[in-house]
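This report concerns only the one structure given below.
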2 protein chains.
Amino acid sequence: MAANQKTKKQIVIEAAAKLFSDKGYSAASMRELAGRVGLEQASSLYNHIRSKEEALQEICFENARKFIDGITQIEATVFEPVQQVKALIDLHIQAATNDITSVTVFNDEWRHLSEPALSEFLALRKDYEERFKEIINKGIQSGVFKEVNSTIALHTILSGLKWIHYWYKPDRSSELEIVRNDIMLLLISGLEVND
Amino acid sequence: MAANQKTKKQIVIEAAAKLFSDKGYSAASMRELAGRVGLEQASSLYNHIRSKEEALQEICFENARKFIDGITQIEATVFEPVQQVKALIDLHIQAATNDITSVTVFNDEWRHLSEPALSEFLALRKDYEERFKEIINKGIQSGVFKEVNSTIALHTILSGLKWIHYWYKPDRSSELEIVRNDIMLLLISGLEVND
DNA sequence: CCTACCGATCGGTAGG
DNA sequence: CCTACCGATCGGTAGG
C-alpha cells in the first residue's frame, strides 16, 4: 500500500477521534460513526475495527507514543534544561495543532479505557511525566530554575498548554508564532530564575 | 429549614456531581445515582429533580455564579492588576479545593448541557473571561505585565490552574500553602515584567 | 418512595 | 458491506 493511502481502518479511527472529541466517548454512537464514514449500517464498522473501545485505544496509545518518542529525542539531542523544556513545550504545541482532534481525545477521553489498557496508558503517562519532572529537577539543581516543587511546576506547565487544542483552527496558523512566543514568555520565565 | 440541613435535593445534586466526575455525564446512569443516595429505584429520583440534565445545570450554574461573584468582589475591593490576578488565582485554588467534584463537572461536563442552558452558560463564562482579560490588559498598559497577547495569557493562566482539582485530596491540605506559593511564582512572575 | 412499565437506543453478532 | 436481529440498558412516566 502506498504511503499516502489511508486504509479504511485509518479513516474510521480518524472519524472516531473527531466524533469522540465532538460528543465525548460515551455519548458517541457507532451508528453516527458509521454515518460519518459513509456506511449505512453500524455493523459494517466491525469489518474494520473490533470494537468501539479499540478505536479509543488506538487514538490514546498513538498519541502516548508520540509524546514518549518526542521526549526521548529531546533527551538525546538537547542538553540544557531551559532548552529541553522549551523543546517539550514545542512538542505539545505541535501535537495540539497538527492533530487537534486526536490530542483532544488523548487528553479528555482516556479515562474510558478499560483494563488492562487503562493501566498501560497510565504507566506511559507516568513515564512521560517522570522524565519531564527530571528535566525540571536538573534545572533547579543547576540553578537556572527557581526552587519550586517540581511536581507543581510539571502540572502547571502541562496543564497550561491544554487550551491550545481547543483554540486552534487551521485558519489561525498565522497566529501560531505569536502564541508560541507568548507561551514561552509566560511559562519559561515563570520557571526561570530572573535576576 | 435550618441552615445546616441539606434538602434531599441537595444531597442528590452533590451525589450527581461526584458520579458525573467519576464517570462523565453520559456514562453516569440514574440507576447508579439512585443507589448512591440510598434509593432502590431510579424513578424515585424524580421526586427531587426533574431530570438528569437538571442536576448538571444546577452544578454548572452554581459554579459559574461562584466565579462571577468572586471576580465581582475582586474588582470592587482590589485595585492593582498584580494583586487582582493573585486574588483570581486564589479564587480558583479555593474553588478547586473546597468543592472538588463540583468544579470537575463545571470544567469538564458543561458541554453536555442542551440549549438554551448551554448558551447561557457560555455567556457567563465569556463574561468572566472578558473581565479577567480586562485586568490583564490594565496591567500591560500600566507596564507591570509583559506585552503579551492578553487572550493567550488568560488561557494559559486559567488552564494552568486546572490540574489542582485532580490532584487535591483532603489529606493534602497541609501542602496547599506550598502549592499556592509555587503557582504564584510560576504564573505571576511569568506574567510580570522582571528587570 | 416503590411497582410496573415504556419506547428508544446502545454495542455487537450471525450469516451471507 | 448489508440484512436481520439480540439482550442490555437508558431516561423517564403513570399511578398509587
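Proteins get letters first, then strands, A, B, ... in listed order; numbering begins at 1 in each.
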- Task: May I have the distance from B:L45 (atom CG) to C:dC2 (atom C1'), rounded to whole angstrom?
- Result: 12 Å
- Query: To the nearest Å, how far apart are A:Q41 CD and C:dA14 C1'?
  - Reply: 14 Å
- For B:E129, which of B:I71, B:L124, B:L158, B:T151 qualifies under side chain to side chain contact (heavy atoms under 4.5 Å, CB included)? B:L158
- Item | B:R125 side chain near B:F67 side chain, heavy-atom distance below 4.5 Å | no
- Task: Would you please say whether a donor-acceptor pair under 3.5 Å links the side chains of A:Q57 and A:E53?
- Result: yes
- Message: I need the NZ-C1' distance between B:K8 and C:dC1, as an integer number of Å.
- Response: 9 Å
- Check the surroundings of atom CD in B:E175: do more than 12 heavy atoms from other residues, nucleotides or ligands lie under 6.0 Å from it? yes
- For A:H48 and D:dC2, what is the distance between atoms NE2 and P respectively, to the nearest whole Å? 9 Å
- Item | A:K138 atom NZ, neighbour heavy-atom count above 12 within 6.0 Å | no
- Item | Spacing between B:I49 atom CD1 and D:dT13 atom C1', to the nearest angstrom | 15 Å
- Task: Please report, rounded to the nearest Å, how far the C1' atom of C:dA14 is from the CG atom of A:N47.
- Result: 12 Å
- G-U wobble or Watson-Crick pairing nucleotide for C:dG12 (cut-off 3.5 Å, both distances): D:dC5
N/O to N/O distances under 3.5 Å, protein versus nucleotides 9-11 of chain D:
from	atom 1	to	atom 2	distance (Å)
D:dG11	OP1	B:A28	O	3.0
D:dG11	OP1	B:K52	NZ	3.0
D:dG11	OP2	B:M30	N	2.9
D:dG11	N7	B:R31	NH1	2.8
D:dG11	O6	B:R31	NH2	3.0

- Message: Can you tell me how the ring of B:W110 sits relative to the ring of B:F121, calling it parallel under 30°, perpendicular over 60° and tilted otherwise?
- Response: parallel
- Please determine if a side-chain N or O atom of B:S44 lies less than 4.0 Å away from the OP1 or OP2 oxygen of C:dC2. yes
